[in-house]
Structure formats: structure tokens, C-alpha cells
Enquirer: 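The structure follows.
Protein chains get the first letters and strands the later ones, always in sequence-line order, with residue 1 at the start of each. Computed from a predicted model, the values in this text were never measured in an experiment.
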Amino acid sequence: MQIVRVALPVPIPQLFDYTSQDASEEDIGRCVRVPFGRGEKSGVIVALPAVSDVDPARLKPVRHIQREVSPLPADWLELVAFVARYYHEPLGEVIALALPPGLRRADAVSDRESDPLLDLGPAGHAALAAGRRVSRALTLLQQLQAAGVIRRSIARELPDGAALADAMRRGWVVPVRGASPATAAAGQPELTDEQRAAVDAVSTEPAGFVPWLLHGVTGSGKTEVYLRLAARALAAGQQVLMLVPEIALTPQLESRVAGRFPAACVVSLHSGLAEGARSRGFVQALEGRADLVLGTRLSVFAAMPRLGLILVDEEHDASYKQQEGVRYSARDVAVWRARQRGVPIVLGSATPSLESWHHVRAERYRGLRLNARALASTLPKVRRIDTRRLRLDEGLSPALQSAIGERLARGEQSLVFLNRRGYAPVLSCPSCGWVSRCPHCSANLVVHLADRRLRCHHCGCDCEVPHACPVCGNQDIQPFGRGTQRIEARLAELFPEARVLRVDRDSARTRSQWESMLAQIANGEADILVGTQMMAKGHDFPKLTLVGVIGADASLHAADFRAPERLFQQLMQVGGRAGRAHLPGEVLVQTEYPDHPLYRCLVRHDFDAFAESALSERRAAGFPPFTYQAMLRADAPVLDDAMQFLAHARRLAQDMAPAGVRVFDAVPMRLTRLARRERGQLLIEADERALLQTFIGRWIEVLRAQRTSRELRWQLDIDPLEV
DNA sequence: AGCACGCCGACT
DNA sequence: GTCGGCGTGCTC
């Protein structure tokens with residue numbers, strides 16, 4: 001009789017012991033189903049202890065050990081244990097997050113959909129040589145001959161992929177084995193000198209953990225560097241892990257990667273995947289059959305026995321930080337993992353996070369630069385428009401209007417960038433002062449004139465636009481401020497001949513809407529685009545030569561110390577949309593603070609100067625990365641309950657905190673009320689990460705032991721992004 | 001987290 | 001008399 005120790009997804013930092021007739025060392029890392037309470041739960045065997053702390057008579061036998069799938073290896077268990085420790089969450093909860101649900105439930109694994117390598121068989125070569133009558137199968141054969149060895153899934157995607165089954169039935173195309181996954185498709189682009197230097201720097205480094213920061217301006221070809229590095233790792237028989245910030249970016253990248261490495265097994269992992277596909281992908285990675293794993297933050301937990309390289313694209317992106325449950329940073333976990341496995345990691349961005357940039361300056365990371373745009377186009381010219389003495393027309397300056405007019409006359413596209421959805425951020429009554437407040441949040445309801453609704457952008461509350469002031473009956477209530485819809489409407493009036501297209505979360509709600517808009521833009525079916533940050537990311541618009549930025553000043557004085565960093569990143573990214581290919585681009589930034597250092601740096605495209613000044617401000621103010629933070633947040637239906645809990649937690653912290661750990665005041669959050677709950681927070685800070693960690697560990701243990709009203713929720717956020 | 005047990009208020 | 005509120009405690 002063997003004792004097995006199981007990590008289960010319950011919110012208490014405990015492991016549970018069970019008995020098993022036949023468990024052996026081989027079963028450590030395997031998924032199990034066990035009786036729990038009066039029900040059943042599933043978890044992972046993490047140890048086979050000789051004795052249990054609980055009375056042997058109380059141990060129940062495990063119900064089922066999943067032995068169809070390879071066990072999770074020791075290094076994976078170490079990885080999740082690290083995440084549990086660092087973010088102060090129970091191991092079982094971290095495991096539940098890291099494993100695909102179907103796998104953890106120890107379900108039977110679906111038949112592995114194999115994706116065999118295909119090549120032309122002798123019959124296929126003969127058919128080509130015979131000069132037969134042209135058919136789809138024959139055209140496909142020509143495409144396959146050009147491609148070389150190829151995965152079936154990729155072959156299906158070829159222009160005549162529909163004829164694949166036919167070609168295989170005739171024996172023209174046959175499965176082959178043993179082609180190197182690094183086999184590259186024909187037609188790789190030439191590298192620029194900078195790209196070559198970056199690839200060489202990483203490749204000539206001796207094997208082992210090296211963190212690299214690839215700082216490459218928009219359009220400098222970072223992806224090509226990733227692909228070359230991946231090719232080297234694949235050729236060495238290693239697996240590559242590549243992280244991207246968003247689900248929306250995976251399909252494009254996946255097809256590009258799969259197209260480049262037709263013989264490689266490329267697996268993508270993200271939360272949008274069906275359960276079966278996610279389990280299958282994870283198992284392929286775990287069993288070493290996947291060569292390249294591509295995915296969003298949760299794919300940092302893919303088990304990979306032959307891991308040789310980690311790539312993190314857009315490493316500054318906030319979506320690498322999970323904002324609920326286990327609040328982990330996939331980028332930080334990836335760096336830990338690279339160190340653990342002794343492999344290089346490349347963090348890439350056009351606008352690196354100040355944290356990573358600081359690591360380069362402190363020589364903890366190695367820097368790689370791509371300063372030139374690969375496609376022979378230069379960086380856009382950035383100009384500030386001082387709006388202090390201008391008469392604006394619905395927020396649009398004369399200079400911006402005439403610049404748009406010029407683009408229109410030349411048949412080029414313009415983008416007006418404004419990070420505010422809706423028609424106007426608030427509706428208000430000039431006679432009695434009523435404003436459209438959300439009943440559930442401390443926020444205003446936004447006017448959506450497109451469908452005549454008032455909406456809360458925080459809780460989704462939605463009602464009709466009233467015809468008169470609900471308090472005083474005044475008929476003349478007015479929308480104040482401007483959002484994308486209002487700008488869109490005004491542009492349509494100013495340029496009646498132009499096709500104006502608004503691109504925001506409202507107009508591009510579904511994937512297909514978003515894709516059809518991208519196609520419209522690419523086909524030149526729009527002249528003026530009005531867009532939010534959706535427009536800033538990851539797409540090329542060859543005819544776009546003007547970006548006008550309005551309403552950016554608000555972020556200059558925001559309370560969050562990271563707001564300027566985000567603004568600068570956003571403006572650099574959206575500015576990068578202007579002028580690709582052979583048309584020079586221009587960026588016009590409307591501002592009342594044209595001399596603000598942030599805009600001065602933006603005009604010079606000088607990220608380094610911006611980062612330098614932002615970092616020195618942070619150093620002076622004692623903010624990260626010069627200090628380490630943890631945030632305790634509490635929420636309850638009534639603010640007072642949340643604040644009382646935080647005040648209690650604060651007293652506790654003050655009693656326990658060693659020198660060097662600073663406990664701040666408990667304060668209501670900026671958006672205090674959200675979805676009928678009121679929220680407060682308590683910041684803890686220290687100069688040493690280890691000091692903060694040990695203290696938080698002891699503090700949280702005490703805090704967890706307290707009983708609180710059931711209406712009160714609280715969570716801990718290590719390295720919070722928003723303070 | 002679930003889910004039991006258990007002890008007090010207002011309903012058929 | 002019971003249905004049901006949620007405080008308390010446990011899960012190997």
C-alpha cells in the first residue's frame with residue numbers, strides 16, 4: 001500500500017494524502033481522480049511520502065490514475081511550485097490553471113490526431129513528368145513539389161489543398177518519416193545587417209541561460225529574428241516556446257511559423273481553444289512531439305522536455321499579466337523558466353517595459369537593437385500641434401483636418417487615434433447638473449449614439465438614452481466630451497466624399513467583423529479610420545500615411561505612475577502604423593503640452609531618452625523597478641467593510657513587518673465602486689524582493705486564518721501593474 | 001471553494 | 001411545528 005500526495009484545486013495551501021495499491025515513482029506528475037468530501041476532485045500526484053501526517057485510517061484510496069499520458073516531469077512540478085510560492089497561491093490552484101481542464105480531470109485522452117509529414121511519392125513524380133491533363137490534384141502536386149516535405153495540416157491550407165485526399169488516394173503523395181523539423185520553406189527574406197547581428201549574437205553565445213532584450217522599432221523585422229533563432233533550435237533537435245500577448249495574434253503568427261517550418265509540428269495553445277484541442281496540444285508538447293509551441297500567457301506552462309529557446313513577443317504588453325485568480329506574469333515566469341532550464345530567452349518589443357530595459361542597463365539582460373525599418377521605409381515624421389490657442393472643431397485642429405484632406409486627395413489613408421469608445425463619455429443636464437452615472441459603479445455611463453444607449457464600460461450596464469433630464473425634466477440634455485463615434489460623425493460631415501470607418505471594440509466586436517474590417521482597410525475601401533488602441537497592434541496598413549492623435553494629454557497626469565509609460569508605448573505603436581512600404585508617414589499629436597518631455601522624446605523617436613527620464617523619476621520616487629510591491633485588494637458590497645478588513649490587515653502587517661518593508665495606508669481604489677461592489681487596496685513595498693516575499697508569506701498565512709464575513713472578498717497581487 | 005452541520009426567526 | 005437564513009468547520 002502506497003501513500004500518494006496530491007495537489008487539488010482548493011483554496012487552502014494544503015496537499016492531500018491518499019492510498020494506492022499500485023502507485024510507484026513513475027506516477028509522480030500524473031493526474032488522478034480522488035474522492036474529496038462527498039464528491040470527487042482531480043489533481044496531480046506530487047510526491048510519494050513514506051508516511052502521512054494524517055491518521056492512516058482516514059486515508060481514502062485514489063479512484064483513477066491517468067497512465068495513458070506521460071507524467072508531468074519534475075522540472076514542470078518545480079515550475080508550478082515556484083509560481084505557487086511566488087504568488088502565494090495554493091499549489092493545486094496553480095496546477096489547475098496550468099493544465100488543460102480535460103487533462104487534469106484525467107479524462108481518457110482523445111485519439112491523437114496525427115499530422116503526418118507528406119512528400120511526393122514515386123507515383124507523384126511520375127504523374128508530374130507524364131504531363132497529364134491539368135487537374136486540381138496535379139496543381140497541388142506542383143505546389144507540394146515546390147514546398148518540399150510538409151505537414152498534412154499545412155498542405156490542406158495550400159491554394160489547392162482541397163485536392164489532397166485525391167492526391168493521396170492516387171498514391172501521388174505519401175507519408176514520410178524523419179524529415180528535420182527545421183527544414184525551412186523556400187523564399188526566406190534576406191536579413192538586414194542588424195537582424196543578422198542579432199541572430200549571430202544569440203547563436204554564438206555558449207549554451208545556457210541568457211536573457212536577451214530585442215529592442216526593435218516597429219517594422220524592423222523582429223519576427224524574422226525569432227524565426228531564424230527558432231530554426232537553429234529546431235535544427236539542434238530542441239523545442240521552441242513562443243509567447244504572444246493576444247489570442248487574436250496567434251492565428252496569423254501560427255500560419256507564418258507553420259509556413260516557414262512546414263516539416264515542424266507547430267502547436268498553438270490559448271484559452272480560446274476547444275478543450276480537446278488544448279489537451280492534445282499540451283500532450284504533444286509534453287511528450288516532445290510538438291517542435292514549436294506558440295501561444296498566449298498560459299502556454300508558459302506547457303511542459304516541454306526538449307525546450308531549447310523561449311521567445312516573448314511584445315514583452316511589455318500588459319496582457320502577459322493575469323488580472324484575476326493567480327495573478328502571474330507570464331513574461332516573468334518565462335524568464336524564471338529559461339533560467340531553470342538553462343536556455344536562452346529573447347524578450348522582444350519596439351517599446352520595452354521599463355523593467356526589462358532597466359535590466360539591460362544593469363547588465364542583467366543583454367541588449368539587441370534593430371533601429372532600421374526592414375522594408376526600406378523611414379520612421380514617420382512626428383509633429384506636435386499646440387492646441388492651446390486653436391479653435392478645435394469637435395476636437396479636430398485645422399492642421400489635422402487639412403492633413404487628412406491632403407491624404408484624401410492623394411488616395412492615401414488617415415487614422416485618427418483616440419482611446420475612448422462611444423459618442424461621448426457622459427451625458428449631462430446643463431440646468432440641474434445631473435450626469436449619467438452608472439448605478440453599479442463609480443463611473444459615468446457613456447453615450448453610444450450609434451444604437452441610442454447609455455453604457456457603463458466597466459460593468460456592462462446598459463440603458464436607453466433618456467429624452468429629457470430624469471431629475472428636472474429639461475429636454476436639452478447634452479453629451480459632453482468626445483469618443484470615437486462623435487469623431488467619426490464629424491469626419492463624415494467634414495469629408496462627405498470620404499469613406500469613414502470606425503474601428504473599436506463596438507464596431508469590431510466579433511472576430512469576423514474585425515477581420516472584414518482589416519480586409520476593407522487593406523483593399524483601400526476606407527479613407528479615414530477612427531480607432532482606439534485596437535488599431536495600434538500588429539497590423540500593416542500599406543496605404544496609411546497619416547496618424548492623428550487626439551485626447552492623449554489625459555494620460556499625462558493620470559494617478560498611476562505607469563500611465564506615461566503606457567502612453568508612450570501606445571503612441572509609438574500607433575505611430576508605427578503610419579508609412580510603411582514606400583509611402584512616408586506622418587504623425588500629428590494634438591496637445592496642450594507640446595513641451596512635455598514625453599512628446600519631445602516621441603518626436604525624436606527616442607525611446608532611450610524617454611526610458612532614461614522615466615526611470616530616473618521612478619528611482620527618485622521609489623517606484624518599481626527600484627522597489628518591489630505587493631497589493632492587497634478587498635471588495636464588499638459596502639466600502640466600509642472592505643476598508644475595515646484592510647485596516648485590520650494593515651495593523652497586522654505593521655506588527656509583523658521587518659525593517660525595510662513599508663506598509664502604506666489602506667485607501668479606496670480609484671474606481672471605488674465596480675459592479676455593485678466597493679473596493680479598497682493596501683500597498684506593501686520593499687527594496688528587496690526576498691524581504692517582501694518572506695514577509696508576505698507570513699502575513700498572508702495569518703490573514704488566511706482570519707474569518708471574514710462571507711460578503712468580503714480579498715486577493716493579493718504580487719508585482720501589481722496598476723497601483 | 002463546496003458542502004455539511006447547527007442554531008435562531010417568520011411562515012403554511 | 002418546519003423552511004431557511006448564514007456563521008463555523010472540514011475536506012486526505
Enquirer: Once you round it to whole Å, what is the distance between C1' of C/dG5 and CD of A/Glu711?
Expert: 13 Å
Enquirer: What is the separation between atom CD on A/Glu40 and atom C1' on B/dA1, rounded to the nearest whole Å?
Expert: 17 Å
Enquirer: Nearest whole Å is fine: how far is B/dG2 C1' from A/Leu8 CG?
Expert: 13 Å
Enquirer: If the cut-off is 4.0 Å, is A/Arg5 near the phosphate of C/dC12, judged by side-chain N/O to OP1 or OP2?
Expert: no
Enquirer: Given that A/Arg38 and A/Val10 both sit by DNA chain B, which one's nearest nucleotide is further toward the 5' end?
Expert: A/Val10
Enquirer: Looking at A/Asp635 and A/Arg713, does any basic side-chain N land under 4.0 Å from a carboxylate oxygen?
Expert: no
Enquirer: How close or far is atom C1' of C/dT11 from atom CZ of A/Arg33, stated in whole angstroms?
Expert: 19 Å
Enquirer: Round to a whole Å and report the spacing from CH2 of A/Trp714 to C1' of B/dA1.
Expert: 14 Å
Enquirer: Just checking A/Phe36: base, sugar-phosphate only, or nothing, at a heavy-atom cut-off of under 4.0 Å?
Expert: base
Enquirer: Does a side-chain N or O of A/Arg58 approach OP1 or OP2 of C/dT11 to a distance below 4.0 Å, or not?
Expert: yes
Enquirer: C/dC10 C1' sits how many Å from A/Gln14 CD, rounded?
Expert: 9 Å
Enquirer: From A/Glu275 CD over to A/Leu103 CG, what is the distance, rounded to the nearest 0.5 angstrom?
Expert: 10.0 Å
Enquirer: Nearest whole angstrom, please: distance from the P of C/dG7 to the CG of A/Asp641.
Expert: 12 Å
Enquirer: For the CZ atom of A/Phe36 and the CZ atom of A/Phe16, what is their distance to the nearest 0.5 Å?
Expert: 4.0 Å
Enquirer: Any idea which of C/dT8, C/dT11, B/dA1 is nearest the A/Pro11 side chain?
Expert: B/dA1
Enquirer: Just by distance, do the side chain of A/Arg679 and the backbone of A/Arg633 share a donor-acceptor pair under 3.5 Å?
Expert: no
Enquirer: Check every strand shown and say whether A/Arg710 touches a base, only sugar-phosphate, or nothing at a heavy-atom separation below 4.0 Å.
Expert: base
Enquirer: Which one, B/dA1, C/dC12, B/dA4, comes nearest to the side chain of A/Ile12?
Expert: B/dA1
Enquirer: Reckon A/Pro9 touches a base, only the sugar-phosphate, or nothing at all at heavy-atom distances under 4.0 Å?
Expert: nothing
Enquirer: How many whole angstroms separate atom NZ of A/Lys41 from atom C1' of B/dC3?
Expert: 10 Å
Enquirer: From C/dC12, C/dT11, C/dT8, pick the nucleotide closest to the side chain of A/Arg707?
Expert: C/dT8
Enquirer: Examine distances only and state if a side-chain atom of A/Ser353 and a backbone atom of A/His316 form a donor-acceptor pair shorter than 3.5 Å.
Expert: no
